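Read the structure below first, then the notes.
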Amino acid sequence: MPRIEKKFIACKDAAHATVGKFYEFKNATETSVDLCFYGDIVSDWWGAWQKEDQYPEAIKNFLAEANGKDLNIYINSGGGSVFAGIAIYNMLKRYPGKKTVHVDALAGSIASVIAFADSEAPTIPSNAYLMIHKPWAGCEGNAIEMRKMADTLDAVEAGILSVYEEHLAEGVDIKTVKKLMEEETWLDGTKAAEYFQVKVGEENTVAAAVQDFTKMYCRNAPKDLVGAGTADNERLRQQDQEKRKSIIALTMAHMGR
């Protein structure tokens, strides 16, 4: 997993303010390295509020440094930005090294697409989940803008379905998966194997990543996941808010405001 830390370099001239990025391979050997998706999938560095969040530029740099080594990819993510996730999926598919994907607890929304970057078939334990649903977006504006957003979402859904279609289990029609997306379906490893080419792994004890973002747009999240770790979730939420305030204040100071 690339360890990502944010370091601001003070500069009152906003045009020349810079941010240093640092990466550290985890469990690297001469032939393989680990890559973890344990947070949200976001568009860029500024959206990565937690060090676990991943974004296309970070993955691009990670893969360049991995230089063809095999990847052990671990996923426990509720998803995030569709376009960022598609970009990451395509980068992983192009990467020459072997990709072995393990869904530790949850590959939800666009993270479910990333799971299929496996060179063969991702491994999903019987107590882990693959969550698929129709793409979701916020929109405001007039009727023309609303209809345009609906058309955009339909086009995005078609792209996601094209990935799923490449990995269907024998005898499964893509229309069946489209219906599952419409209903927002949570598939444990055993159920996922009924619809997709996946390997069912042994149960594990990793907590699923049901975060505030997931709760906001998901209707059918299993109750045992949503209700888990309420006190810890609140503590982490408060820590996140404090971190956001600190970053914003530091950024404004560097801009001379």
Side-chain angles (χ1 to χ4, degrees), residues 1-3 23-39 41 52 54-132 158-172 174 177 180-181 187-204 206 209:
M1 171 183 179
R3 181 170 176 267
Y23 303 88
E24 178 184 336
F25 284 149
K26 296 294 184 180
N27 299 325
T29 70
E30 292 184 358
T31 59
S32 68
V33 65
D34 290 356
L35 172 61
C36 293
F37 293 89
Y38 261 38
I41 309 302
E52 294 82 8
Q54 295 284 22
Y55 53 98
E57 184 184 5
I59 299 304
K60 181 192 71 173
N61 294 338
F62 180 93
L63 296 179
E65 294 183 36
N67 195 30
K69 289 184 177 181
D70 293 345
L71 300 182
N72 302 310
I73 301 172
Y74 301 92
I75 299 178
N76 183 22
S77 172
S81 167
V82 171
F83 294 112
I86 292 293
I88 290 171
Y89 169 81
N90 287 331
M91 283 190 280
L92 290 173
K93 292 292 286 186
R94 289 194 303 268
Y95 181 74
K98 180 179 180 181
K99 284 83 64 176
T100 302
V101 175
H102 299 272
V103 176
D104 283 340
L106 171 62
S109 192
I110 198 60
S112 68
V113 170
I114 294 174
F116 288 112
D118 192 294
S119 296
E120 297 178 358
T123 297
I124 306 177
S126 55
N127 68 336
Y129 292 90
L130 188 78
M131 186 275 283
I132 61 177
I160 294 172
L161 281 167
S162 70
V163 175
Y164 291 156
E165 190 168 17
E166 294 177 5
H167 303 278
L168 293 177
E170 186 175 354
V172 177
I174 192 62
V177 173
L180 294 176
M181 289 178 67
L187 303 164
D188 62 31
T190 303
K191 292 294 291 183
E194 296 179 9
Y195 300 99
F196 299 102
Q197 298 173 27
V198 304
K199 302 173 185 175
V200 182
E202 296 182 0
E203 291 189 0
N204 58 38
V206 178

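Fair warning: this is a prediction, and the values are worked out from it, not measured in the lab. Hydrogens, waters and symmetry mates are skipped; everything else that's a heavy atom, side chains included, is used.
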Could you state the interatomic distance from [atom1] ([X]) to [atom2] ([Y]), rounded to the nearest 0.5 Å?
X	Y	atom1	atom2	result
Tyr89	Ile41	OH	CD1	14.5 Å
Ile86	Met91	CD1	CE	11.5 Å
Leu35	Leu71	CG	CG	6.0 Å
Ile73	Leu92	CD1	CG	5.0 Å

Tell me if a side-chain donor or acceptor on [X] pairs with a main-chain N or O of [Y] at a distance below 3.5 Å.
X	Y	answer
Ser119	Lys99	yes
Thr29	Thr31	yes
Ser77	Ala107	no

Quiz: residues 191-198 side-chain donor-acceptor pairs under 3.5 angstrom, not counting sequence neighbours:
from: Lys191; atom 1: NZ; to: Glu194; atom 2: OE1; distance (Å): 3.2
from: Gln197; atom 1: NE2; to: Leu168; atom 2: O; distance (Å): 2.9

Minimum heavy-atom distance between [X] and [Y], given as atom pair plus value:
X	Y	result
Asp34	Phe62	O-CZ, 3.4 Å
Ser32	Asn72	OG-ND2, 3.8 Å
Ala66	Tyr95	CB-OH, 3.3 Å

- Query: Can you name the side-chain hydrogen bond (donor to acceptor under 3.5 Å, both in side chains) partners of Asp188, sequence neighbours left out?
  - Reply: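 For Asp188, no residue satisfies side-chain hydrogen bond (donor to acceptor under 3.5 Å, both in side chains) once neighbours in sequence are set aside.
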- Query: Of all residues at least two apart in sequence or in a different chain, which pass the salt bridge (charged side-chain N to carboxylate O under 4.0 Å, His left out) check with Glu166?
  - Reply: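 Result, salt bridge (charged side-chain N to carboxylate O under 4.0 Å, His left out) vs Glu166: none returned.
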- Residue pairs fulfilling salt bridge (Lys or Arg N to Asp or Glu O under 4.0 Å) with at least one residue in residues 105-124, sequence neighbours excluded: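 Of all non-adjacent pairs touching residues 105-124, those that pass salt bridge (Lys or Arg N to Asp or Glu O under 4.0 Å) are Glu120-Lys199.
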- Query: Going by the salt bridge (Lys or Arg N to Asp or Glu O under 4.0 Å) test, which pairs reach into residues 75-93, not counting sequence neighbours?
  - Reply: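 For residues 75-93, and leaving out neighbouring residues, there are no salt bridge (Lys or Arg N to Asp or Glu O under 4.0 Å) pairs at all.
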- Is any side-chain heavy atom of Phe37 less than 4.5 Å from a side-chain heavy atom of Ile59?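 Yes, close enough: below the 4.5 Å cut-off.
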- Message: So Asp104 and Tyr38, do their side chains get closer than 4.5 Å, heavy atoms only?
- Response: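 SC-SC contact between Tyr38 and Asp104 confirmed.
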- Task: Indicate whether the side chain of Tyr55 and that of Ser81 have a donor and an acceptor atom separated by less than 3.5 Å.
- Result: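 Per modelled atom types, Tyr55 and Ser81 side chains form no pair under 3.5 Å.
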- Step by step, work out the side-chain contact (heavy atoms from CB on, under 4.5 Å) result for Met181 and Leu161. CA-CA 9 Å; Met181 289 178 67; Leu161 281 167; 3.5 Å; yes
- Message: Pair Ile124, Tyr129 - check side-chain contact (heavy atoms from CB on, under 4.5 Å), show working.
- Response: CA-CA 7 Å; Ile124 306 177; Tyr129 292 90; over 6 Å; no
- Query: Can you name the side chain to side chain contact (heavy atoms under 4.5 Å, CB included) partners of Glu203, sequence neighbours left out?
  - Reply: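 Checked Glu203 against side chain to side chain contact (heavy atoms under 4.5 Å, CB included); matches are Ser126, Asn127.
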- Task: Look at the aromatic rings of Phe116 and His167 and report parallel, tilted or perpendicular, splitting at 30° and 60°.
- Result: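 The rings of Phe116 and His167 lie parallel, inter-plane angle below 30°.
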